[in-house]
Amino acid sequence: MIRISCPFCGPRDHSEFSYGGDGSITYPALDAPMQEWHDAVFLRENICGVQIETWQHVNGCRMWLLVERDTMTHEIHSVRSAHPGMAAALGAEQ
Amino acid sequence: MSARRLESGGRIDRTTPISFTWDDKSLSGFRGDTLASALMANNQRVLGRSFKYHRPRGIMSAGVEESGAIVTIGRGNRTDPNIKATMQELYDGLEARGQNAWPNVRRDIGAVSGLFSRFFSAGFYYKTFMGLPPFEWGRGTGLWMQYEKLIRKAAGMGAASREADPDCYDHAHGFCDVLVVGAGPAGLNAAVTAAEAGRDVLLVEQDFELGGDFLNQPGPEAETRRLSLIAAAEKAGVQIMTRTTAFGLYDNGTAGLLERVSDHLPAPAAHQPRQRFWTVRAGATILATGALERSVAFGNNDRPGVMTVSAARTYLNRYGILPGERIVVATNNDSAHVTSDELAMAGAQVVLADARSDVARRDRISVRSGVAPLQVLGGASVSGVKLAQHRDGAWRRAETESCDLLLVSGGWSPVVNLLSHRGAKPVWNAENACFLPGPTDEAVFAAGSAAGIWNVDACEASGIAVTKTAFGESATLPEPGGWQAPIKPLYEVRLPDTKPKAFVDPQHDVTSVDVRLAHQEGFVSVEHMKRYTTLGMATDQGKMGNIIGLALMAEALGKDIPEVGTTRFRPPYTPVAIGALAGRNVQGHFKPLRRTPLHDWKLKEGAIMTDAGLWHRPWYFARSGETITEAYIREATTVRETVGICDVSSLGKIAVQGPDAGEFLNRIYVNGFGKLAIGKARYGIMLRDDGMVMDDGTTWRLADNDFLMTTTTTNAGKVMVWLEELLQTRWPDLRVHVTSVSDQWGGAAVAGPQSRAVIADCLEGAAIISDEALPFMGVASARLKGDIPCLIARISFSGELAYEVYVPAGYGVAMMDLLWGAAEPVGGCLYGLEALGALRIEKGHVTGAELDGRMTLDDAGLGKMASSKKPFIGNVLRQRPELTRADRPQLVGIFPKDRSQAFNGGALLSVPGEDTGHGEGWVTAVTHSPALGHWIGLGYIVGGHAAWAGKPVIATDPVRKGDVEVEIVSPHMYDPKGERMYG
C-alpha cells in the first residue's frame, strides 16, 4: 500500500487518491502547432526510477498533487500541490 | 502407528469432552484439541489421499505446514474444503470428512492412478496438452480435449459448496507503532519490550493460544514463564489478537491480517462475521514467526505414521497423546534428542537414528549413529523402516527397525516468508543449513527462531534485543544457531541408481525423481523448476519441501544451494478465503447505490428501476398487465401527444463560478460560452486533449460570474475531475471555482405539448413561463406553489416543447407531487429511460452509446458546432489527418427495409454478401418508434448517409438475430426541422 503525504490532509493511503499522469508535461497553448500537442499528449518516457506524477486526492480534499515516486521501489520522495500558487503559499508557511 | 491419549498431561481440558464426526463416525476429543490431535487420539491414521497418486496420507506435522491431514469440514453451504486438520480447533458437532477419494480415504478406488505414476511425472500437464512423450500418441487426435476432464476428476482437492456462503466477512483497519507477528518466546518478549517503552503495540498470533514453543514444552517452568510474559504484555497495554494470521507484508509497513473470528465455533453468532480481514499500518514490524522443521526425501516418506519430530513433541506435551509405541526418531541435528527422551519417558520404545557419527548414548533410548531412513515399510500404516549407512561417499543398505511411528528431522527452516514478500532475498547459512532473513532497508526485523536462533532462552533474548535495535538503541543480538553439535546437512537418502518414491512436496506429489527429471529436461532455474514440477505451489506453498527441492537441484547442477537461490515467497502465507477478500462488498453492497431525491416517490408510483452507473433510474412505469415494450411505447406516445415527466436528478451538475468562468467555459467547450446572455442555456460539447468527444450537456448562465453546467449522468465524476485538473495544473491563473452540486438539486424534465400548461399550474405566478418570458433555451428562477424556489430551463431532449425544473433536493418530492398533480388529470404520464431512449433516437440525439470515446465531433455530425473564433481543448488534435479522413464512420439513422422487421443494437452494418470482418459500420441503439410506427436505429457507417442513401445494407447479427435488410437515413428521423420544441 503506497502512502501519500497530502500537503493539505497529511499521510493517507493511496486508495484515497487517483493517479493522473505524467507530471513533467507542460501542456502547450490551446492554439499551439499540432506537433507540440502531439508530443505533449502522446510521447511519454518509460522511467525506471524517480518520476514526477500527478495524483488527485479525489476522496479527500480533491487537490491535484505533484508526486515524485520511484517506479522501482514505490518510494515517494516529495509531494506538493500542483497549483503553483498554493505550493508557494504552503512552502512559505513551513 | 497406534496412538493413544495419556491419562494426564497436556493442555487439553479432560473435563470438557467434545464430540465430532469423522466420515460420519462419531468420535470424541477434549477442549483444547485440534481436529488433528483429536483424530490422532482416536487412532485414526489415514486422513487424506494425495493429489495425483491417491496415496494414503496421515498427520505429518502439528501446524500450518501440514501436507497430509487435509480434510473437508462443515456441511451444505458451510462446507469448507482443504482445511489443515492441524490448524482446525475442535468444536462440538464439528463434521469432518476425507477428500479426494472414493468411496473414502481408507479404501480409495483412485489409488490405481499410483500404478500409472510414470505418466504423472514432472511437466505432466505440459506434456499431456502439447502431445510430448509419453503422450505423443495423443497429439492432434482431439483426445487431449478429454484429458482435462479426466485429470480434473482424478486430481485435486476437496470440492467447494455450490451454495451461497451464508456467512459475512468484515474489513477492518488498524494502526500501531509496532506490529509483532508471532507470540512465542521471541514475540512475547518483543511485544513487552516495545510496549514498556511506551509504544502502541499489536501482537498477532495464528494459534488460539499464546506462547508458541512454550506450549510444546513439558513441565511447569515454561508455563510459568509464558503466563508471566502474557501478564506483562497485558499490563503494558499490548493489543493482542489470537487466531489471526499476518498473511502478507506490503509497502510502507502495511500488513494484511486474517482474523478467524468464529471458525472455532459451529456457526458465527448473529452479530459476528466469520472472518475479519485487517489492513494494519505499522511503524515497525517485528517478525517472530518461528521456524518449521523439514523432512528428508527417502522411500515412502509420506506414509501415514511418518511425521516431524517436533510434531510428536507437540502432540505429546500439548495434547497429551503418545503418538506411537515403537518409535524411530531419525535426525541430523540436536533438536530431536530432547523429544526422544520425552517420548521414552512417556512409555514409548525409542530408537534414535542420528545421521551424524559418534552420537552419545542416552538413557532409556537405543541410539544409532551414522544412519538415516532409506525406505518406510507398510502401506496404510508404518510397520518398520529400512535404514541406510553412509560409507565411501554413498548410502548403503543397513538393518531394518520395526516401528509404528517414524519421526524425521531434516533441520529447521526459519519462516522468512513475510520478509520475502518485501523483496528481501533470504541468505543461506551453511552452518545451520537454512535460509536466514535477508537484509532490508525497511523497518521490518526478524527475531527468535525466525532469525535462526534455536534455543528458547536465546529466542527470548533475541526478542528483546531486536526490539531495542528497531528503536535505534544498542543491543547485542544473539547469533544464529545454538546446537551443541553441528547439523549434518541431509536432504535425501537413496541407494545409488535407484528411483524411490521419495516425496519432496507431498501435497503436490512431487518426488525427488521429478526434480531430477526437470533438471534433465533443462529446467535448471529454481523458478522454472518450481513451475515445471509444481513444487511449492500447493496450499502450503512449499513450507516443508522447498529446501529439499533446492538442495536436489543444486546437487544435480553440481552447485551449492546459495548459487541456486530460492524462489520468492508471495502472499498469502496461509490461504485466505475469497469471502474475506470481498468482505461486505457483496450483493447489494457490491457497489454503492445512489438514489435521487425522487427515488422513493418513483417507486411508490410503480417505477421499475434499472442500473445507470451507480444510480437506480426508472426503466419504465408499468401499468397492470403491461409489458416493458407496451409501457415505453405508451410513455413515448404520451410525451409526443400530451405530457410526460421524467426524473433527471442524476445528471451531473457543476457550479462554475468566478470572474473568468466565461473564459474557462470557452476553453473547454468547442462552442462559445463567453457571450452567453444571463438567463440563457446553451448545449455544449467538450473534447479531450486528443480531440475525441468527452461529454455533452447544457450550461446555464445564472449571473455574470455564475454558470450551472450539466453533464451526462455517467460522466459527472469524470468531468468534475477534469475541470479541477485544468484549473489546478494548467490554468492556475484563471479565477474560477468549480463545485459539484449534483446532489444539491432534484430535477424533473416535463416534456410534451402540455408541458407549459402543467408547469404554469404549479407556479406561484404563471407569467414567467409564457413563450415570450421564457423562449427556447431560456432559464428563469421562479417559485413553485408553496413558495418552493426553483430553476426552470426550457430545453428539450425529446424534441417536444419541454422544460427542466430543478429545486433544492429536499423539495424534490414536493415538486413531483405538484407536477404530477397537474399532469395526471390532463392524461400525462411518468416516463422512464426506455421511453427517453425512444424519444432521443427518433430525434437523432447522441448519448454515451454514440459518444463512446472513439468519436470525433464530425463523426457524430456535430462538426458545425466547433467555433472557429477561439481555441479550445482538443481543437488541434481533432484535425489530425487520421481523424479528418472522409471515410470515417458517421452518425446515421437506420430503418428496416421491411418496416415490420426489428433489428438489434450491436449489429454490424454490411454490404449484402460481404458480411465479413468489421463490416462498414455498426448499430449503436434501436427502438420501436411510436411516432413512425416501426423499428428505427442509430449507428455509424463509413461515409455516412450521403454515401449509402438508397443503397442496400444489412444489419448482420450472426449469433442472435441473423441478417436484416436496412436503409440508411438521416439521423434526424422525426421532426427534422425541430419545429415542435418551439411549441
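Here is how names work: the chains are called A, B, and so on, in the same order as the sequence lines, proteins then strands, and each is numbered from 1.
In this structure, no portion of A:Ser18 lies under 4.5 Å from any heavy atom of chain B. Heavy atoms closer than 4.5 Å to chain B are found nowhere in A:Met86, neither backbone nor side chain. For B:Asn252, the parts lying near chain A are the backbone and the side chain together; criterion is any non-hydrogen pair under 4.5 Å. Of the two parts of A:Ala32, only the backbone, made up of N, CA, C and O, holds a non-hydrogen atom closer than 4.5 Å to a non-hydrogen atom of chain B. Interface residue B:Arg880: backbone and side-chain heavy atoms are both found under 4.5 Å from chain A. For chain A, no part of B:Trp722 is nearby; none of its heavy atoms comes within less than 4.5 Å. Heavy atoms closer than 4.5 Å to chain B are found nowhere in A:Pro28, neither backbone nor side chain.
Of the N and O atoms on the side chains of A:Thr26 and B:Arg730, not one donor lies less than 3.5 Å from an acceptor on the other residue. Checking B:Glu725 against A:Gln56 by side-chain atom types alone, no donor-acceptor pair falls below 3.5 Å.
Here the straight-line distance linking atom CE of A:Met34 with atom CD of B:Gln879 works out to 5.5 Å at 0.5 Å rounding. The CZ atom of A:Arg62 sits 10.5 Å away from atom OG1 of B:Thr739, with the distance rounded to the nearest 0.5 Å. With rounding to the nearest 0.5 Å, the separation of CG in B:Asp689 from CD1 in A:Ile25 is 10.5 Å. Note: A:Asp31 CG to B:Phe872 CZ = 11.5 Å, rounded to the nearest 0.5 Å. Between B:Thr254 atom OG1 and A:Asp13 atom CG the span is 6.5 Å, to the nearest 0.5 Å.
Two residues are said to be in side-chain contact when any heavy atoms from C-beta on lie closer than 4.5 Å; B:Thr729 and A:His83 fail this criterion. Side-chain contact check for A:Leu30 versus B:Asn875: every heavy-atom pair is 4.5 Å or farther apart. Contact annotation: the side chain of A:Phe42 approaches that of B:Asp690 to within less than 4.5 Å [non-hydrogen atoms, C-beta and beyond].
Shown here is B:Lys870, whose NZ atom has more than 12 heavy atoms of other residues, nucleotides or ligands within 6.0 Å. The 12-atom threshold is not exceeded at CG of B:Asp441, counting heavy atoms of other residues, nucleotides or ligands nearer than 6.0 Å. For B:His589, the NE2 atom is loosely surrounded, since the number of other residues' heavy atoms within 6.0 Å does not exceed 12.
Under a 3.5 Å cut-off, the side chain of B:Gln728 and the backbone N or O of A:Trp64 do form a donor-acceptor pair.
Taking every heavy atom of both residues into account, B:Asp251 and A:Arg3 meet most closely at O-NH2, 4.5 Å.
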